Amino acid sequence: MSKVIIIGAGGVGSVVAHKCAQNPEVFSEIVIASRTRRKCDLLAKAIEEAATRDGRKLPVISTDSVDADSVEQLCELFRRHKPEIVINVALPYQDLTIMDACLECGVNYLDTANYEPRDVAHFEYSWQWAYRERFEKAGLTAILGCGFDPGVSGVFTAYAAKHYFSAMETLDIVDCNAGNHGKAFATNFNPEINIREITQNGRYWLNGEWVTTKPLEIHAELNYPNIGPRDSYLLYHEELESLVQNFPTIKRARFWMTFGQEYLTHLRVIQDIGMARIDEIEYNGQKIVPLQFLKAVLPDPQDLGENYTGETSIGCRIAGKGKNGENLTYYIYNNCSHEEAYKETGMQAVSYTTGVPAMIGAMMFLTGKWNKTGVHNVEEFDPDPFMEQLSVQGLPWHEIVNADLEVDKIS
């Protein structure tokens with residue numbers, strides 16, 4: 001029976017809080033904290049209403065406010081509530097201040113996305129990996145990237161390595177959102193982070209080196225289970241950085257995401273007119289960041305769920321040598337319905353597929369299944385207990401062995 005603080009009350013934070021509350025045997029007390037306490041109060045009320053409707057018992061739920069940019073405020077929050085672990089679903093800019101506060105107050109840590117600075121659209125794990133020795137000396141655990149991708153994509157890879165492969169040689173992580181939210185243009189998670197991510201140069205791992213591509217330069221039509229063919233574009237995604245280190249037999253590692261042509265047209269216009277800029281400009285005598293202003297006028301991803309139809313499909317396509325040295329291909333994936341995610345948590349499937357794994361990662365730590373001190377990516381832990389919980393908690397997974405992965409035809 002353990003106490004947890006969830007920092008962030010957006011779409012992902014909402015799912016994390018709902019799912020923690022569904023597992024009171026693990027999460028005895030839940031504190032929901034964000035900059036705006038009213039959002040936390042509304043979320044707590046929604047969780048209580050869902051539990052009443054379903055006839056479920058609830059853990060103790062409370063709310064608080066915190067500026068996650070301030071180590072001082074974070075420490076005040078931690079000392080006031082004394083959690084065993086913090087689930088960070090705030091902005092990636094705030095990872096390091098939260099980790100600093102955890103070290104100062106003796107609190108364990110988990111997040112879903114790696115750190116990136118506000119003023120540069122660039123993300124990598126080096127900033128957080130630099131905390132390894134400090135967390136080890138403090139006897140604390142930090143679990144990095146425990147969403148779906150990154151997160152489940154790493155656990156899927158570790159599961160494949162443990163049970164199927166003697167040597168994985170190629171890894172392609174494929175992420176398809178075949179849903180329809182009915183908006184002319186909207187992002188499925190924080191618009192600022194989303195647009196920064198997909199307008200960067202692409203990058204993939206090939207024979208021990210990173211190969212850089214222009215943004216969305218490489219694309220191909222891939223087939224997704226229960227969905228069919230979708231245009232898929234090569235991006236750089238942070239889990240590639242840790243996976244090629246932790247599984248050094250991988251010769252090629254890539255990440256693919258689907259985008260519709262209407263979305264890409266809107267994105268191109270946003271870039272062309274300067275609204276994707278992350279540097280400050282002066283407007284009416286004050287400094288504003290165009291992308292942050294755009295975020296304020298775009299639909300809130302948290303509000304997309306009600307009319308969202310369709311499903312997501314995210315998985316790993318892996319080829320290499322099987323346990324007996326035979327050639328082997330392996331595809332492991334999850335499909336998640338936007339409608340079902342909304343019925344359960346009031347959020348769409350993109351938030352759901354990120355929030356559920358974050359809860360499971362915290363569960364793994366609190367139940368002693370993942371208990372290494374230091375700073376670790378998810379694939380460094382035993383995948384089996386996590387995989388067992390995925391299906392129990394709403395994200396069932398499926399396997400296809402020795403089928404055409406399609407990805408070897410793309411260069």
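In this text the structure is predicted, and so the values were computed from the model without any measurement.
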(message) Looking at every non-hydrogen atom in both residues, tell me the closest pair between Arg252 and Leu206 and how far apart they are.
(response) CG-CD1, 3.9 Å
(request) State, yes or no, whether a side-chain contact exists between Ile47 and Ile32 at a heavy-atom distance under 4.5 Å. (result) yes
(request) Kindly say whether Gly139 contributes a backbone atom to a donor-acceptor pair with the side chain of Thr373 at under 3.5 angstrom? (result) no
(message) Measuring only between side-chain heavy atoms, which start at C-beta, is Ile332 closer than 4.5 Å to His398?
(response) no
(message) Test your reading of the model: is there a side-chain donor-acceptor pair from Ser351 to the backbone of Met347, 3.5 Å cut-off?
(response) no
(message) With a 3.5 Å distance limit and no angle check, can you tell me whether Thr36 reaches the backbone of Lys39 through a side-chain donor-acceptor pair?
(response) no
(message) Distance check, rounded to the nearest 0.5 Å: Cys105 atom SG versus Glu76 atom CD?
(response) 9.5 Å
(message) Using the side-chain contact (heavy atoms from CB on, under 4.5 Å) criterion, which residues pair with Arg230? Sequence neighbours excluded.
(response) Cys176, Ala178, Tyr224, Ile227, Thr258
(request) Provide the full list of salt bridge (charged side-chain N to carboxylate O under 4.0 Å, His left out) pairs with a residue in residues 349-369, sequence neighbours left out, each pair given once. (result) none
(request) Test Tyr236 against every option in Trp210, Tyr204, Phe255 by the ring-ring contact (aromatic ring centres under 6.0 Å, His included) rule and name the one that passes. (result) Trp210
(request) Taking all non-hydrogen atoms of both residues into account, name the closest pair between Ile30 and Ala17 and its distance. (result) CD1-O, 4.3 Å
(message) Run the ring pair (Phe, Tyr, Trp, His ring centres under 6.0 Å) test against Tyr109 and tell me which residues pass, sequence neighbours left out.
(response) none
(request) Could you tell me whether a side-chain N or O of Thr345 sits under 3.5 Å from a main-chain N or O of Val15, the two making a donor and an acceptor? (result) no
(request) Determine whether Ile281 and Ile288 make a side-chain contact, defined as any pair of heavy atoms from C-beta on separated by less than 4.5 Å. (result) yes
(message) Using side-chain hydrogen bond (donor to acceptor under 3.5 Å, both in side chains), reason through Asn201 and Thr212 one step at a time and then give a plain yes or no.
(response) CA-CA 7 Å; Asn201 284 335; Thr212 301; over 6 Å; no
(message) Could you check whether any side-chain N or O of Thr354 sits under 3.5 Å from a backbone N or O of Val350, counting only pairs where one atom can act as donor and the other as acceptor?
(response) yes
(message) Strictly by side chain to side chain donor-acceptor pair (under 3.5 Å), give each pair with a member in residues 136-146 just once, sequence neighbours left out.
(response) Glu133-Lys137
(request) Heavy atoms only: give me the nearest Glu311-Ser337 pair and the separation to one decimal. (result) CB-CA, 4.0 Å
(message) Please check if the number of heavy atoms outside Lys321 that lie under 6.0 Å from its NZ is greater than 12.
(response) yes
(message) List the residues meeting salt bridge (Lys or Arg N to Asp or Glu O under 4.0 Å) with Glu406, not counting sequence neighbours, and say none if there are none.
(response) Arg317
(request) Indicate the atoms forming the closest heavy-atom contact of Pro225 with Tyr331, along with that distance. (result) CD-OH, 3.4 Å
(message) Tell me every residue that passes salt bridge (Lys or Arg N to Asp or Glu O under 4.0 Å) with Arg203, counting only those two or more places apart in sequence or in another chain.
(response) none
(request) Would you list the pairs meeting salt bridge (charged side-chain N to carboxylate O under 4.0 Å, His left out) in which at least one residue belongs to residues 85-112, sequence neighbours left out? (result) Arg79-Glu104, Asp100-Arg134
(request) Might you work through the side-chain hydrogen bond (donor to acceptor under 3.5 Å, both in side chains) test for His338 and Asn177, ending with a clear yes or no? (result) CA-CA 10 Å; His338 287 290; Asn177 180 8; 2.9 Å; yes
Pair up each side-chain donor or acceptor in residues 378-385 with any protein partner under 3.5 Å, not counting sequence neighbours, and list the distances.
{"from": "Glu379", "atom 1": "OE2", "to": "Ser242", "atom 2": "OG", "distance (Å)": "2.7"}
{"from": "Glu379", "atom 1": "OE2", "to": "Asn246", "atom 2": "ND2", "distance (Å)": "2.9"}
{"from": "Glu380", "atom 1": "OE1", "to": "His376", "atom 2": "ND1", "distance (Å)": "3.0"}
{"from": "Glu380", "atom 1": "OE2", "to": "Asn377", "atom 2": "N", "distance (Å)": "2.8"}
{"from": "Asp382", "atom 1": "OD1", "to": "Lys162", "atom 2": "NZ", "distance (Å)": "2.9"}
{"from": "Asp382", "atom 1": "OD1", "to": "Asp384", "atom 2": "N", "distance (Å)": "3.1"}
{"from": "Asp384", "atom 1": "OD1", "to": "His163", "atom 2": "NE2", "distance (Å)": "2.8"}
{"from": "Asp384", "atom 1": "OD2", "to": "Lys162", "atom 2": "NZ", "distance (Å)": "2.9"}
{"from": "Asp384", "atom 1": "OD2", "to": "His163", "atom 2": "NE2", "distance (Å)": "3.2"}

(message) Test ring pair (Phe, Tyr, Trp, His ring centres under 6.0 Å) on Trp370 and Phe365; report intermediate values, then the result.
(response) CA-CA 5 Å; Trp370 287 4; Phe365 172 77; 9.8 Å; no
(request) Keeping the roles fixed (side chain from Thr112, backbone from Cys146), state whether a donor-acceptor pair exists under 3.5 Å. (result) no
(request) Evaluate the ring planes of Tyr159 and Trp397, with Trp represented by its six-membered ring, and classify them as parallel (under 30°), tilted (30 to 60°) or perpendicular (over 60°). (result) perpendicular
(request) Indicate the atoms forming the closest heavy-atom contact of Ile173 with Cys316, along with that distance. (result) CG1-SG, 4.1 Å
(message) Any heavy-atom pair between the side chains of Ile7 and Leu74 that's under 4.5 Å?
(response) yes
(message) Within the supplied structure, the quantity of interest is the number of heavy atoms (other residues, nucleotides, ligands) at a distance under 6.0 Å from Glu72 CD; does it exceed 12?
(response) no
(message) Pairing donors with acceptors under 3.5 angstrom, does anything connect the side chains of Thr97 and Asp69?
(response) no
(request) State whether a side-chain donor-acceptor pair under 3.5 Å links Asp149 with His237. (result) no
(request) Give the ring-plane orientation class for Tyr131 versus Phe135, where under 30° counts as parallel, over 60° as perpendicular and anything between as tilted. (result) tilted
(request) Could you tell me whether the side chain of Asn88 and the main chain of Ala90 form a donor-acceptor pair under 3.5 Å? (result) yes
(request) Could you pull out all residues at least two apart from Glu29 that satisfy salt bridge (Lys or Arg N to Asp or Glu O under 4.0 Å)? (result) Lys3
(message) Apply side-chain contact (heavy atoms from CB on, under 4.5 Å) to residues Leu395 and Thr353 and explain how you reach the verdict.
(response) CA-CA 7 Å; Leu395 292 175; Thr353 54; 3.9 Å; yes
(request) Return yes when atom CZ of Arg132 has more than 12 non-hydrogen atoms of other residues, nucleotides or ligands closer than 6.0 Å, and no otherwise. (result) yes
(message) So, using side-chain contact (heavy atoms from CB on, under 4.5 Å) as the criterion, who are the partners of Gln22 when residues are at least two apart?
(response) Lys19, Arg56, Glu344
(message) Can you see whether Tyr330 engages Glu399 through a side-chain donor-acceptor pair at a distance of less than 3.5 angstrom?
(response) yes
(request) Apply side-chain contact (heavy atoms from CB on, under 4.5 Å) to Lys214 and list each qualifying residue two or more places apart in sequence or on a separate chain. (result) Glu217
(message) Is it the case that the side chain of Asn23 and the backbone of Glu25 share a donor-acceptor pair, with hydrogens and angles ignored and the cut-off at 3.5 Å?
(response) no
(request) Without swapping roles, check the side chain of Lys323 against the backbone of Phe165 for a donor-acceptor pair under 3.5 Å. (result) yes
(request) Using only heavy-atom distances, determine whether the side chains of Glu124 and Tyr115 contain a donor-acceptor pair under 3.5 Å. (result) no
(message) Once side-chain contact (heavy atoms from CB on, under 4.5 Å) is applied, do any residues pair with Ser65, and if so which ones, sequence neighbours excluded?
(response) Arg37
(message) Can a donor-acceptor pair be found, under 3.5 Å and without considering hydrogens, that links the side chain of Asn334 to the backbone of Ile314?
(response) no
(message) Using every non-hydrogen atom in the two residues, find where Val89 and Gly13 come nearest and quote the distance to one decimal.
(response) CG2-CA, 3.6 Å
(message) If only side-chain N and O atoms count, and only distance matters, is there a donor-acceptor pair under 3.5 Å linking Asp172 with Trp256?
(response) yes
